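What you see is a predicted model, and the numbers here were worked out from it, not measured in a lab.
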Amino acid sequence: MNNIFQIDEAKCVRCGTCVSDCAFKVLKTGDDGRPVMSDAAKCMRCQHCFAICPTGAVKFDGHAAEEAAETASLALPKAIETENWMRSRRSIRHFTDEDVSRESLDRVLRALANAPTGCNARGLTFTVYPDRASLARFKESFLHTIEHHRDGSRLLPRWLAIPAIKLRKGCEDIFFRGASGLLIVSTDETNPALATPEQDVASAVALFEMLANAHGISTCWCGFLRMVQNEVPELLESSAGIRPKTPFCAMLFGKASVRYPRTVIRDSYANIIYR
């Protein structure tokens with residue numbers, strides 16, 4: 001940790017910007033007017049100092065400013081483009097048999113590493129079933145666990161038992177919707193450093209949806225997975241290493257076999273209250 005923050009003395013103009021923007025106050029002004037890291041163990045590694053330095057004098061985690069993109073030159077979506085995406089996005093429940101490009105998927109997931117987490121805890125794990133072959137193995141484990149679940153106090157509810165039977169018979173699949181892949185974003189509930197684990201995983205999956213759509217990958221939130229695990233607590237532990245109380249969100253993905261030629265009109269659906 002002691003080497004994560006370094007200063008190029010030739011570039012540093014002693015402006016103090018990085019010191020004033022350090023949320024955890026681990027940067028101080030040294031005797032020569034340049035910033036120093038007073039307690040590296042308390043650094044949350046948010047890289048604000050790296051991003052805000054006007055002259056690129058900060059080197060962080062071994063990376064120099066020249067390696068990062070200048071924000072002034074980035075092609076960012078306009079407000080209307082982002083609004084249009086919100087209005088046109090659809091939860092896709094009909095997919096083609098085509099697998100998603102591993103190159104595109106890997107690019108999306110690497111970008112997703114920048115998803116915000118409370119106190120920059122960065123405790124997220126992305127468990128990915130990238131294609132139909134790997135998802136088929138997960139489905140088999142999914143069904144096997146449900147079929148062999150033992151709870152003497154009660155039977156499985158009809159909403160779970162009947163769809164599971166249909167899936168086993170190769171009929172209707174309301175769990176996975178014929179998607180070619182599945183992403184499960186989880187975090188470690190035993191880590192005391194995690195301030196907002198539930199929000200962290202939900203935020204990451206929401207951003208995955210946006211990034212995936214930008215790369216031509218269609219998505220659908222897989223809320224059923226949480227509902228099933230509530231009934232069958234051991235569901236994901238053996239297959240995905242996710243314990244019964246582990247915070248997670250899941251999303252199906254693949255190539256859409258349907259197209260929606262227009263947006264929807266839902267702007268009035270929100271209950272907006274100004275105080």
(Q) Taking side-chain contact (heavy atoms from CB on, under 4.5 Å) as the definition, give me every residue that meets it alongside N230, ordered by chain and number, with sequence neighbours left out. (A) R226
Q) Nearest heavy-atom pair of P244 and E237: which atoms, and what distance? A) CD-OE1, 3.8 Å
Return all side-chain donor-acceptor pairs below 3.5 angstrom for residues 56-68, not counting sequence neighbours, or 'none' if the list is empty.
{"from": "D61", "atom 1": "OD1", "to": "R45", "atom 2": "NH2", "distance (Å)": "2.5"}
{"from": "D61", "atom 1": "OD2", "to": "R45", "atom 2": "NH2", "distance (Å)": "2.8"}
{"from": "H63", "atom 1": "ND1", "to": "E67", "atom 2": "OE1", "distance (Å)": "2.9"}
{"from": "E66", "atom 1": "OE2", "to": "K11", "atom 2": "NZ", "distance (Å)": "2.3"}
{"from": "E67", "atom 1": "OE2", "to": "A64", "atom 2": "N", "distance (Å)": "2.8"}

Q: With the side chain counted from C-beta on, respond yes when I146 and V228 share a heavy-atom pair under 4.5 Å apart, and no when they do not.
A: yes
Q: Taking the side chain as every heavy atom from C-beta outward, state whether C53 and C18 have any atom pair closer than 4.5 Å.
A: no
Q) Under a 4.5 Å side-chain heavy-atom rule over Ile, Leu, Val, Met, Phe, Trp and Tyr, are V232 and I162 clustered together? A) no
Q. Taking only residues two or more places apart in sequence, or in another chain, which ones meet K25 in a salt bridge (Lys or Arg N to Asp or Glu O under 4.0 Å)?
A. none
Q: To the nearest 0.5 angstrom, please state how far the CD1 atom of I4 sits from the SG atom of C43.
A: 3.5 Å
Q) Can you pull the salt bridge (charged side-chain N to carboxylate O under 4.0 Å, His left out) pairs that have at least one residue in residues 111-121, sequence neighbours excluded? A) none
Q.
I'd like to know if the side chain of T117 and the backbone of A121 have a donor-acceptor N/O pair within less than 3.5 Å.
A. yes
Q | 4.5 Å side-chain heavy-atom contact, C15 and P54 | A | yes
Q: Mind listing the closest non-hydrogen atom pair of K255 and G216 along with its distance?
A: NZ-O, 3.5 Å
**Q.** Residues clustered with L155, ILVMFWY side-chain links under 4.5 angstrom
**A.** none
Q: Please write out which residues are connected to V258 in a hydrophobic cluster, directly or through intermediates, given that two of Ile, Leu, Val, Met, Phe, Trp, Tyr count as joined at side-chain heavy-atom separations below 4.5 angstrom.
A: I92, F95, Y260
Q: Before giving the answer on side chain to side chain contact (heavy atoms under 4.5 Å, CB included), spell out for F248 and L236 the whole-Å C-alpha distance, their side-chain angles and the decisive distance to 0.1 Å.
A: CA-CA 11 Å; F248 78 90; L236 299 176; 3.6 Å; yes
Q. Does a salt bridge link R168 with E140, judged by any charged N lying under 4.0 Å from a carboxylate O?
A. yes
Q.
Ignoring hydrogens, what is the shortest heavy-atom contact between L225 and A250? Give both atom names and the distance.
A. CD2-CB, 3.8 Å
Q | 4.5 Å side-chain heavy-atom contact, R122 and N120 | A | yes
Q. Below 4.5 Å, heavy atoms only, C-beta onward: do P130 and D99 meet side chain to side chain?
A. no
**Q.** Counterpart residues, salt bridge (Lys or Arg N to Asp or Glu O under 4.0 Å), relative to R34 (two or more places apart)
**A.** D32
Q.
Taking side-chain contact (heavy atoms from CB on, under 4.5 Å) as the definition, give me every residue that meets it alongside D173, ordered by chain and number, with sequence neighbours left out.
A. K139, L167, F175, F176
Q. V128: which other cluster members, linking ILVMFWY side chains closer than 4.5 Å, directly or transitively?
A. V100, L105, V108, L109, L112, L124, F126, L183, V185, V201, V205, L207, F208, L211, I217, W221, M251, F253
Q: Heavy atoms only: give me the nearest F24-K42 pair and the separation to one decimal.
A: CD2-O, 3.6 Å
Q: Not counting sequence neighbours, list each pair that qualifies as a salt bridge (charged side-chain N to carboxylate O under 4.0 Å, His left out) and has a residue in residues 185-210.
A: R89-E209, D188-R243, E189-R243
Q) Quick one: are P35 and C12 in side-chain contact, heavy atoms under 4.5 Å? A) yes
Q: Please list, chain by chain and in numerical order, all residues satisfying side-chain contact (heavy atoms from CB on, under 4.5 Å) with A133, sequence neighbours excluded.
A: D131, R137
**Q.** Y129 versus S239, closest heavy-atom pair with distance
**A.** OH-O, 3.3 Å
Q. Within the distance-only criterion (no hydrogens, no angle test), does the side chain of H148 pair as donor or acceptor with the backbone N or O of H144 below 3.5 angstrom?
A. yes
Q: For E83, enumerate each residue passing the salt bridge (Lys or Arg N to Asp or Glu O under 4.0 Å) test, keeping only those at least two apart in sequence or located in another chain.
A: R87
